[in-house]
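As the structure lists them, so they are numbered: ligands from 1, and atoms in each ligand from 1.
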Amino acid sequence: MQTGTVFNIQRYSIDDGPGIRTTVFVKGCPLVCPWCSNPESQSAEPQLQYRVTACAHCGACAAACPSGAITVTADSHTIDRARCTVCGVCVRACEYDALKISGEEMSVDKVWKTVRKDTDYYETSGGGVTCSGGEILAQPEFVREIFEKCRENGVHTCADTSGYGTEEAMRRVLEFADLVFFDIKHSDPARHLALTGVPLETVLANLRLCAGSGVPVVVRIPLIPECNADEAAVRGMAEIVRKCAPEAAVNLLPYHRYGASKYASVGREYTLEALRELTEDEKSRAADVFAEYGIKCEVSV
Ligand code: SF4
Ligand code: SF4
């Protein structure tokens with residue numbers, strides 16, 4: 001049986017595919033998108049996460065840490081991540097739920113034990129299970145086996161991917177997927193590489209593979225001001241959809257800063273602090289471009 005690293009299993013999700021779903025978030029992503037709303041998903045390794053809003057500055061974590069990695073004062077709490085071995089002792093010492101280890105190795109059976117609790121909801125709502133990330137193509141055998149288990153039990157499956165991974169990984173995941181959510185981040189190869197850290201070419205090859213597989217594809221585009229929301233970039237992405245996945249619908253995901261506060265929780269800086277949100281006019285103009293290309297397009301709130 002496969003095991004994988006999971007950082008969250010979200011029950012009763014309504015944004016990750018049709019109906020009511022359970023979303024399994026796997027940890028680890030080869031992309032480095034600065035707008036990522038799950039920064040704790042990017043590292044493949046388990047990490048200590050700290051919530052400043054829950055902390056009472058009691059100092060119990062610092063006293064318990066065997067590595068001397070935590071320093072607490074009346075108005076500060078610092079973690080020396082170079083010293084931290086992610087042992088979890090401080091998590092158990094904290095009575096305020098301010099610390100947690102993000103990332104747990106799980107077997108497919110353990111995932112299934114959570115997933116199966118909501119089979120009634122899946123049936124009545126037309127929902128199912130979505131595997132998201134992080135990047136699912138970084139753990140393809142784990143995701144494939146979760147999907148296989150779902151298929152055996154009549155549960156609908158959705159693969160939510162950035163599209164960056166080997167062709168073999170994509171094929172393995174597709175075999176038991178009923179729906180693919182496929183992200184496109186930019187149409188220009190140089191900008192794509194600069195923003196995400198990975199080449200566009202690999203993503204497009206996998207998009208063509210998905211589109212030719214017979215599994216329905218929804219292309220999801222995070223629309224980020226000053227990154228990919230200008231007309232040339234939007235037109236470029238519409239061209240990509242028309243050429244590589246002409247049957248796909250498009251879902252535009254306008255930039256939001258919901259994940260901004262989580263960067264500090266894993267000891268990172270949020271680099272888009274000064275970025276504005278898109279206007280309603282900009283969102284509808286982007287949707288109009290896709291309509292011009294004859295592509296069905298929705299804008300998420
Ligand atoms: S996880 Fe372990 S090593 Fe890291 S800060 Fe907590 S107690 Fe210290
Ligand atoms: S034990 Fe919890 S509440 Fe106390 S200082 Fe550490 S993180 Fe904050």
Side-chain angles (χ1 to χ4, degrees), residues 1-13 22-115 131-139 141-143 146 162 197 256-273:
M1 172 166 303
Q2 291 290 325
T3 61
T5 309
V6 172
F7 73 93
N8 190 17
I9 299 182
Q10 176 81 52
R11 295 168 68 192
Y12 314 121
S13 168
T22 296
T23 305
V24 180
F25 291 93
V26 300
K27 191 158 159 58
C29 181
L31 280 71
V32 293
C33 313
W35 56 80
C36 181
S37 57
N38 288 321
E40 75 277 33
S41 76
Q42 290 182 325
S43 164
E45 304 302 323
Q47 284 169 293
L48 180 62
Q49 234 183 321
Y50 164 72
R51 276 193 309 142
V52 65
T53 49
C55 180
H57 296 267
C58 69
C61 54
C65 174
S67 305
I70 301 182
T71 307
V72 180
T73 68
D75 54 9
S76 73
H77 181 289
T78 51
I79 299 166
D80 182 342
R81 290 179 184 272
R83 283 189 174 186
C84 175
T85 59
V86 200
C87 68
V89 169
C90 58
V91 177
R92 293 188 286 280
C94 178
E95 291 181 4
Y96 296 87
D97 209 18
L99 293 164
K100 76 168 191 175
I101 303 292
S102 173
E104 180 188 342
E105 182 159 348
M106 285 189 191
S107 66
V108 171
D109 258 1
K110 185 162 184 187
V111 172
W112 178 248
K113 274 184 188 142
T114 300
V115 163
C131 282
S132 184
E135 174 44 54
I136 60 170
L137 298 183
Q139 301 187 56
E141 295 305 322
F142 178 57
V143 171
I146 293 170
S162 72
H256 60 70
R257 46 179 65 244
Y258 302 151
S261 64
K262 287 203 271 178
Y263 280 75
S265 79
V266 288
R268 291 177 54 191
E269 186 193 350
Y270 186 60
T271 57
L272 302 184
E273 205 54 68

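- Ion pairing between Glu273 and Arg257 holds under the 4.0 Å rule for side-chain N and carboxylate O.
- Protein heavy atom at the shortest distance from atom 2 (Fe) of ligand 2 is Cys94 SG, 2.3 Å.
- In this structure, Ile70 has a heavy atom closer than 4.0 Å to ligand 1.
- Between the side chains of Ser102 and Gln47, no donor-acceptor pair of N or O atoms lies under 3.5 Å.
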**Step-by-step side-chain contact (heavy atoms from CB on, under 4.5 Å) determination, Ser265 to Glu40** = CA-CA 8 Å; Ser265 79; Glu40 75 277 33; 5.8 Å; no
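- For atom 2 (Fe) of ligand 1, the set of protein N/O/S atoms nearer than 2.8 Å consists of Cys87 SG, ordered by chain and number.
- Close approach of ligand 2 to Tyr96 (heavy-atom distance below 4.0 Å) involves ligand atoms 3 (S).
- A heavy-atom separation below 4.0 Å is found between Ala56 and ligand 2.
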**Message:** Between Ile70 and His77, is the side-chain contact (heavy atoms from CB on, under 4.5 Å) condition met? List the steps.
**Reply:** CA-CA 7 Å; Ile70 301 182; His77 181 289; 3.6 Å; yes
**Val108 and Phe142: CA distance, side-chain angles, deciding distance, side-chain contact (heavy atoms from CB on, under 4.5 Å) verdict** = CA-CA 7 Å; Val108 171; Phe142 178 57; 3.8 Å; yes
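- For atom 4 (Fe) of ligand 2, the closest non-hydrogen atom of the protein is Cys58 SG, 2.3 Å.
- In this structure, the side chain to side chain contact (heavy atoms under 4.5 Å, CB included) partners of Val86, at least two apart in sequence or on a different chain, are Pro46, Cys84, Ile101.
- Annotation: atom 6 (Fe) of ligand 2 to nearest protein heavy atom, Cys61 SG, 2.3 Å.
- At a cut-off of 2.8 Å, Cys55 is not counted among the residues with an N, O or S atom near atom 2 (Fe) of ligand 2.
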**Request:** For side-chain hydrogen bond (donor to acceptor under 3.5 Å, both in side chains), just list the numbers for Thr73 and Asp75, CA-CA rounded to whole Å, side-chain angles, deciding distance to a tenth of an Å, and then say yes or no.
**Result:** CA-CA 5 Å; Thr73 68; Asp75 54 9; 3.2 Å; yes
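- Less than 4.0 angstrom separates some heavy atom of Leu99 from each of these atoms of ligand 2: 7 (S).
- Atoms CD and OG1, on Glu104 and Thr5 in that order, are 9.5 Å from each other to the nearest 0.5 Å.
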**Steps toward side-chain contact (heavy atoms from CB on, under 4.5 Å) verdict (Arg51, Asp97)** = CA-CA 8 Å; Arg51 276 193 309 142; Asp97 209 18; 4.1 Å; yes
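- Residue His57 approaches ligand 2 through these ligand atoms, each under 4.0 Å from one of its heavy atoms: 5 (S), 8 (Fe).
- With contacts defined as side-chain heavy-atom distances shorter than 4.5 Å, the pair Cys36/Tyr263 qualifies.
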